[in-house]
Every structure is written in structure tokens, then in C-alpha cells.
Amino acid sequence: MSFSLNQPQRAAVRQTDLPLMVLAGAGSGKTGVITHKIAWLLEDLAVPARNVFAVTFTNKAAREMKERVGKIANKDLTKGLTVSTFHSLGMQILRAEIEAAGLHKGFSIFDGSDCEMTIKEIIRSSGEEDNDLADRIYHQISNWKNQLISPEYASQISNTDTTFQIAARVYPAYNRQLRACNAVDLNDLISLPVFLLSSNPNILEKWQNRVRHMLVDEYQDTNNAQYEMVRLLVGKHLGLTVVGDDDQSIYAWRGANPENLNQLQSDYPNMQLVKLEQNYRSMGRILEVANHLISNNPRPFEKALWSELGFGDPINVLVAENETREAEKVVAAIMQHYFKHQSHYSDYAILYRGNHQSRIFEEKLREMRIPYHISGGISFFERSEIKDLMAYLRILVNDKDDNAFMRAINSPRRGFGAGGLEKLGLFAGEQKSALLVSARHQNASSILSSRQYAPLSSFVNQLESWQEAASGQSAYQTLQKIIDDIGFRTWIDSNSKSVEQSDARWRNVEELLDWMHRLGKNSESIEEVVNKMSLMDILSHDDEDEDADRVSLMTMHAAKGLEFPAVFIVGVEEELLPHRNSIQQGTLEEERRLFYVGITRARHELSLSFARKRSRFGEIIDCTPSRFFDELPDQHLRWDNVEKPSDADKQSVARAHLAAMRSALSS
């Protein structure tokens, strides 16, 4: 195969006989290294594709990686190659070892709302009225699972925190309820395979013989359970390549452990190290500022990004009297640059520390009729009409999925209300069975009134008819029949506030059907389609139209992995960046890494802004510029201390109003 790689990248690709750590700085071409290495293994070393596993964190990253491998490697050689997320790999293991895992065919994957609903049911009897308790308990249990802490061990940990103590009591009951529903949560997709591999030598040997080469992207973001999964699967083989950047570790709040990069050197003493420091994204001045900032963190691996793209303009610092003026300045700067360079709105990104900061920027962008998109909004699968239909499919493949049953039977409403559901729930508890199983019981009619039993019986019969028809149909055909039989379009119309909202919701249904039709072309069973789409539900927030010409608004966390020609980082103030919680908790190093990630999203131009005053909880407070300004080299900053609109600002606003008027007249 041919290479268009630099020398360190080439060395990383060709190192296959010893474990390898690739320290890949921002914009240094790490995905190219992984994809070329996969092609090298398949083509030049003739490793069978079924023995090569590449793992990353998002569906989007896995999809892009697989597409790039397909472009540089012989397609015939890629058949059987696994390129997936950690959770998809865990699901693959659980489905292959389903009996040993204590699950049954068609198990459900509960999302966060399902899990919290389960926890609420468990704690209801305790009389707790705290609405946030279930969320806090779920977060604690998730942390335990990420750390591979069992319910038995959690109960022995000494901690005086009330939530911690309640969570330790709920944890075993929560796991039992999941198994009773033949379900797993997202964390189980990692922790269960780890427990399975570590406790069953035969299964471990089988998978270690299968996994001869494993390539792991974004290794600094792995938690303890993911680290252990990789260690177990790689085993005694030396075919491990991890790619990561300790300077971009920004997910400790959700369990990521940047120390995993250090731990690798202990577990694999013969591990080789390659540094990728040439940046192909940003101008030299942006990189010099980023290097200067991150050098204030203790770093086990020293590296300095450099670029051949030229030095670039100074970093603009916009100073505003308040948050409204800050937004006006940023939008004016975008408009000025847009008209001057005849660029695209998609060239611009506004990055902030917290989602609450977006509102004022949305307002000013709308005033100027500038199209924009906020990343991190409600995902496709979180929409109520999609969750309703997915509930029907879930209950068809898993009759123990109580959460799916409760959602499906009331979407649309059938006259089986809370009273009937409560009686059925008590009966199911006595029978120690799931709601649907209990609804089929011969004594179900005796515990319900005739008015309650009639709609329940009708629903159960309908489920059975769909189940029977599904055996000879695709998942797409089954869902289409369900939609027709329940009159789902009419249900949407009657539960929408306007015709426009109804049409928008129906378009979502059509998109779901279209998506399912495409999935069905691979001859996957309804169970496989449901599992795949359930994972998309939980993990995918990245399927928006990326080609649309609009300004991007997002948190710096959400911006990781992205790049834009011009980036505005706003609210660079004490208690925003760094965040006040981080200041109190002494976690400034991660805040500095987050700022570093934001800076390195910029390709050509970078602007930073802050307000001198800001409204908080109804009060006007004085703001202090972020301490991080003291860690940026002054010679690379161009400060704007002018509080009145400049002539350029005024011209930009005038042009924007003119463009808005033209747009309004032409619409």
C-alpha cells in the first residue's frame, strides 16, 4: 500500500509486533493513522479481517473510520472487520455469550429515562419526595458500574452521604429489576462483558483468540471498565495500539480516567511510544497560544504542536460591558468577516462552557436573520413519537420489558389508565413476572374490572397478531403495520398544538421508517434492528445535517473532534471558564484542558470574549476576566477595549439589516 503520511505516522502504522501508544496532538491526523494501520494489517500483513477490532466512542467516529478504511483498503479484505463503539462491541459479546451472561434473546437496552423510571419505582415505597433523587442514584450506580464495583462491594463502602447510602441499598434491587425485564443499561454493555470474560476462562480464551489486533481511539477518555475490557480482550497478544492525547482529557465528570494512559506503561512494560506533533488544522499562532496554555498543567508526556500552515493573525479579545453587548460584538464580528471574505456561515462556531450561555447569542443571530444550529439539543430518538414507536418494537422482541409495555399501551390511549396499571403491577409482583406476561395470565381478568380488562385484552391480542406477522416480515413492514393499525397519524394530529407541529412530528415518523427500511436491507432480524436502534437512541446525537450553511453554537465539550475556520470562545471569565464548581473542587487542570480543546478547534482565526458585568439569578454581578488570560502570551493577543460600536460594527449591522430585509421581501 502507498503512504501519504509523515515519518512518525508511518512509524505508528508499521509498528505491529509490540504494544504501541500513539500520543496524537489535536489535528495531528490520528484517524489517518488508525485507518492506514488497519489497511496495513489487512493488505501487507495478511491478517484476517475478523481478527482486527477498532474501537472508538461515538457512532459517527466509528462510521467515518470504517468509510475511510473502505477507501484505502481492498474491500474484499475488509469483510468481517469490526469497527465499532465500546458499547456496540460489548453488545456483540453479550449476544454471542447470552446464556452465560444470564440474559435471554431479545434483551432490551434501557436508556437513561428507562433507568430512572426503574429506580423511582424502587424508592417509591421509601416515601422519598426528592424529585432529583432518582437521577442522583442513577448517576452513582453508573459510577460504580464504570469502576467495576459490584452491589455487594458498594454496600461495604463507608460513606456518610445520604444519597450514597440510599444508592447502595437500591443498587442490588435495580440490577434484579433489570434482569427481571431481560434488560441491561448502557453501563452493563461494558461491565457485564468484563465480569463475563474475567470469570469464565473458556469464554476469555475464545475471545482472545479472536482479537489479534485491537486499535483504540481517544484512549484518554476510557473509564476503568473500558480499560479492563481492552486488557482482557488483548490478553497475551501484543497487537494493541492505543491513540490518545492526555491534553484533551475532558470527561472525568462522566468517569473517564486520563491515568489509564500511564497505567498502560505498567501493564505493558515493552510498550512503544510515538508522538504526533505536526498539526494539519491550525495556524502556527493558534498552536503557540495553545501550547503555552497547556504547559501550565503537569503532563506525564511532553509534546508541542507545530504547523506548516503559516503563522496567522493575532487572537482577538473582545471586551464587552455586559452579556448582551458581548453577543452583539460577536455577531457583528461574524457578519463583518462573512461579508469581507464572502465565506459561509458554517465556517463559524461560537463555543461556550455551559448550554445556558447560548440564549443571548441565539437572540442576536435571529435578529440578524443568520441561520444557526445548537448542538446538544433534543436528539431524534428522544422525540416522543419516536420513543412511542420504539416501545412497540421493544415489547415485541422482549415481553419482559415493562417500561416499553407501559409506554406502548398508552400511546395512543386505550382506556387502560393508572388504576388498571396499578392493579396489574400488584398482580405481576405477586406472580413475580413481567406486566405483559401477567396480562396474559388466566386470572388477569379477575383482578381487573371489565372496563379495565377489555382494552388490556385487546392490546395483548394485537401484540400477538403483530408478533405472528413479524416472523415473515421485515422490521420496517412490521412497524408500518403497527402504525396503520393503531391510527398513529390521527393520534399525532390530536396531540399536537398546531398543524405545523403535527406535520413535523409525522416527518420524524417517516424518517424512522426510512431509516428502518435501509437497515432492513442487510436482512437483519427485528431483534437486531431494535438493538441497533436502541444503541443509536442512547449514543447518537451526531446525525444532524452537517452540510447545512449555518453558524454552530455548542459547548466546548461538544466541539471536541470538530474544527472550524473561525472560532469564538465566549464567556472567558472566572466562574464560567474556569467554572466555579471546578474552582471550588480544585479541578482546574481539566478546565485548562477544556480551554485548550476549544482553542485547537480553530483553523485560521480565533476570538475570545468576556463581559465586565453579567446577569445571574436576577442580579447584575461584576465579572473578572479568566485567570487563563494570564497564561496566554500577550504578544499574540489583540485586545479590543472599545465599548462603543466601531464603524466596522455599524457597517456589519447595517449590511445584516439590509440582507434581512431582502430575505423577507423575497420570501
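Qualifying salt bridge (charged side-chain N to carboxylate O under 4.0 Å, His left out) partners for Arg440, counting only residues two or more places apart in sequence or in other chains: Asp399, Glu464. Residues satisfying the ring pair (Phe, Tyr, Trp, His ring centres under 6.0 Å) criterion with Phe107, sequence neighbours excluded, are absent altogether. Ala73 is linked by a side chain to side chain contact (heavy atoms under 4.5 Å, CB included) to Ala39, Glu43, Val69, Thr78, counting only residues two or more places apart in sequence or in another chain. Tyr227 is linked by a ring pair (Phe, Tyr, Trp, His ring centres under 6.0 Å) to nothing, counting only residues two or more places apart in sequence or in another chain. Here Leu45 pairs with Thr16, Trp40, Leu41, Val47 under the side chain to side chain contact (heavy atoms under 4.5 Å, CB included) rule; sequence neighbours left out. Residues satisfying the ring pair (Phe, Tyr, Trp, His ring centres under 6.0 Å) test with Trp207, not counting sequence neighbours, are none. With sequence neighbours excluded, the residues satisfying side chain to side chain contact (heavy atoms under 4.5 Å, CB included) with Thr241 are Leu20, Val22, Lys37, Leu215, Val243. Residues passing the salt bridge (charged side-chain N to carboxylate O under 4.0 Å, His left out) test with Asp402: none are found, sequence neighbours excluded. By the salt bridge (charged side-chain N to carboxylate O under 4.0 Å, His left out) test, Lys275 pairs with no residue at all, sequence neighbours left out. Shown here are the ring pair (Phe, Tyr, Trp, His ring centres under 6.0 Å) partners of Tyr138, two or more places apart in sequence or in another chain: there are none. Ala11 pairs by the side chain to side chain contact (heavy atoms under 4.5 Å, CB included) definition with Gln7, not counting sequence neighbours. In this view, Thr600 satisfies the side chain to side chain donor-acceptor pair (under 3.5 Å) rule with no residue, not counting sequence neighbours.
When atom types are taken as modelled, the side chain of Asp245 and the backbone of Glu218 share no donor-acceptor pair closer than 3.5 angstrom. A donor-acceptor pair under 3.5 Å is formed between the side chain of Asn223 and the backbone N or O of Ala225.
Aromatic pair Trp144/Tyr153: centroids not less than 6.0 angstrom apart.
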